[in-house]
Amino acid sequence: DREVVLAAVKQNGSALMYASEEIRADKEVVLAAIKKNVSALEDASDELRADRQVVLTAVEKNGMALKFASLELCSDMEVVLTAVMTNGWALQYASPELQADKKVVLAAVEKEGNALQFASDELRADVEVVLAAVRQNGWALEFTSEALRGDSFLHRLSREVLALDHLPRLCGFLLTRHRQEKASRVAAQVDGWLIRHEIDPFTRSAKRQRLNAVVTVTSAPPSAPPSAPPSAPPNAPTPPPSAYLNPNLGGNWSVYVLD
């Protein structure tokens with residue numbers, strides 16, 4: 001059903017692949033599918049893949065849709081120029097005549113320098129084209145002619161462009177390290193400040209502390225002389241040092257030993 005397919009491709013252009021041959025030749029349905037997903041051009045009929053309006057609609061969204069256009073439209077200057085201006089890699093699907101056209105190739109390498117590899121031999125030796133390609137992507141030097149590949153200026157330019165391309169990633173790494181170190185310094189300063197104000201920074205979180213033992217000691221009255229601790233059995237564990245507190249403090253008190 002045409003209306004069902006039309007509604008489906010408006011939601012997902014890839015649904016065109018499940019349509020009948022008749023509906024794949026329906027220009028309105030195919031245009032609706034391409035507007036949602038340019039790869040739907042692959043599933044259009046041969047007639048619509050040779051339709052200039054349909055193909056232009058596709059390459060305006062993504063130049064790589066030129067891959068599914070007819071051979072005739074791959075030789076069309078306007079279609080190919082539109083394609084490489086949205087995606088330089090589309091130059092690989094252009095006709096050999098347009099791969100040798102300086103205007104088309106310049107538009108492609110200004111968008112993606114590595115598209116130089118799809119240009120004609122003459123343009124890969126063209127100084128203006130090569131310079132534009134290397135300025136966009138330093139790796140494009142690999143696809144220049146042998147004579148220009150050994151040029152010292154292009155080599156230096158290629159290295160500088162590649163260095164600048166990696167700069168944002170390097171800056172991002174350094175910024176992350178700086179933030180981590182700053183956070184560590186701030187945390188250490190906060191703990192030091194708490195200690196100076198007699199606040200134990202390690203007791204701020206109850207989850208970081210647990211009681212290991214509780215020793216309850218009942219002291220003698222203040223007026224009574226201190227008595228020696230009773231002798232312990234031979235195998236009795238040694239009490240913690242905090243158990244030997246001054247019993248003259250009076251009252252009942254507990255000693256908490258933290259791990």
Side-chain angles (χ1 to χ4, degrees), residues 13-14 34-43 49 55-181:
S14 300
I34 288 173
K35 288 178 180 178
K36 200 68 180 178
N37 187 345
V38 294
S39 62
L41 180 62
E42 181 180 9
D43 302 308
R49 289 167 64 180
V55 173
L56 270 174
T57 301
V59 298
E60 283 174 357
K61 290 179 64 68
N62 189 333
M64 295 299 286
L66 186 64
K67 176 181 180 180
F68 309 119
S70 66
L71 292 177
E72 180 184 356
L73 289 180
C74 286
S75 300
D76 185 288
M77 170 67 79
E78 183 183 358
V79 172
V80 172
L81 196 56
T82 302
V84 298
M85 288 178 69
T86 56
N87 191 324
W89 289 107
L91 182 63
Q92 61 188 297
Y93 303 116
S95 66
E97 294 77 19
L98 292 181
Q99 288 179 344
D101 185 281
K102 188 171 182 177
K103 181 179 180 181
V104 172
V105 173
L106 270 175
V109 298
E110 285 175 356
K111 196 71 177 179
E112 172 51 60
N114 282 332
L116 181 65
Q117 61 188 294
F118 306 114
S120 65
D121 293 340
E122 293 77 12
L123 291 180
R124 289 166 65 182
D126 185 281
V127 174
E128 185 181 358
V129 172
V130 169
L131 185 60
V134 174
R135 289 180 66 181
Q136 201 284 324
N137 190 325
W139 294 114
L141 184 63
E142 178 184 352
F143 307 113
T144 63
S145 65
E146 187 175 351
L148 291 179
R149 204 176 304 154
D151 186 88
S152 59
F153 170 76
L154 289 177
H155 266 281
R156 186 168 65 254
L157 177 63
S158 174
R159 290 195 300 269
E160 291 178 356
V161 169
L162 290 173
L164 289 174
D165 287 343
H166 287 82
L167 188 60
R169 187 190 307 175
L170 176 61
C171 289
F173 169 76
L174 294 176
L175 182 60
T176 300
R177 287 289 303 272
H178 171 71
R179 288 173 176 169
Q180 291 173 346
E181 292 175 359

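Residue numbers start at 1 and run along the sequence shown.
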Rounded at 0.5 Å granularity, tell me how far OG in Ser75 sits from CG in Asp101. 11.5 Å

How far does CZ of Arg124 sit from CD of Gln117, to the nearest 0.5 angstrom? 8.0 Å

CE-OG distance between Met77 and Ser95, expressed to the nearest 0.5 angstrom: 9.0 Å

I need the minimum non-hydrogen distance between Val134 and Ala140, along with the two atoms involved. N-CB, 4.2 Å

Which heavy atom of Val109 sits nearest a heavy atom of Val129, and at what distance? CG2-O, 4.0 Å

Measure the CG-OG1 distance between Asn87 and Thr82 for me, rounded to the nearest 0.5 Å. 13.0 Å

Would you name the heavy atoms of Ala107 and Met85 that are closest together and state the gap between them? CB-CG, 4.1 Å

Min side-chain heavy-atom separation Asp43-Phe68 under 4.5 Å: no

Is the backbone of Gly63 close enough, under 3.5 Å, to the side chain of Thr86 for a donor and an acceptor to pair up by distance? yes

Interatomic spacing from OG1 in Thr57 to NZ in Lys35 - rounded to 0.5 Å: 6.5 Å

Do Ser145 side-chain atoms and Asp121 backbone N/O form a donor-acceptor pair below 3.5 Å? no

Looking only at non-hydrogen atoms, find the nearest pair between Gly13 and Ala40 and report the distance. O-CB, 3.6 Å

If you measure from CG on Leu106 to CG on Leu123, what distance do you get to the nearest 0.5 Å? 8.0 Å

Which pair of heavy atoms, one from Val84 and one from Lys111, lies closest together, and at what distance? O-CB, 3.8 Å

Asp76: which residues meet the side-chain hydrogen bond (donor to acceptor under 3.5 Å, both in side chains) condition with it, sequence neighbours left out? Arg52

If you look at every heavy atom in Ala94 and Leu66, which pair is closest and at what distance? N-CD2, 4.1 Å

Is there a side-chain contact (heavy atoms from CB on, under 4.5 Å) between Tyr93 and Phe118? Walk through the geometry before answering. CA-CA 9 Å; Tyr93 303 116; Phe118 306 114; over 6 Å; no

Could you go through the side-chain hydrogen bond (donor to acceptor under 3.5 Å, both in side chains) check for Glu72 and Ser70 one step at a time? CA-CA 5 Å; Glu72 180 184 356; Ser70 66; 5.0 Å; no

Could you give me the CA-CA distance, side-chain angles and deciding distance for Met64 and Gln92, then say whether side-chain contact (heavy atoms from CB on, under 4.5 Å) is met? CA-CA 9 Å; Met64 295 299 286; Gln92 61 188 297; 3.8 Å; yes

Test side-chain contact (heavy atoms from CB on, under 4.5 Å) applied to Leu91 and Gln99, step by step: CA-CA 7 Å; Leu91 182 63; Gln99 288 179 344; 4.2 Å; yes

Run the numbers on Asn137 and Glu112 for side-chain contact (heavy atoms from CB on, under 4.5 Å), then give the verdict. CA-CA 7 Å; Asn137 190 325; Glu112 172 51 60; 3.5 Å; yes

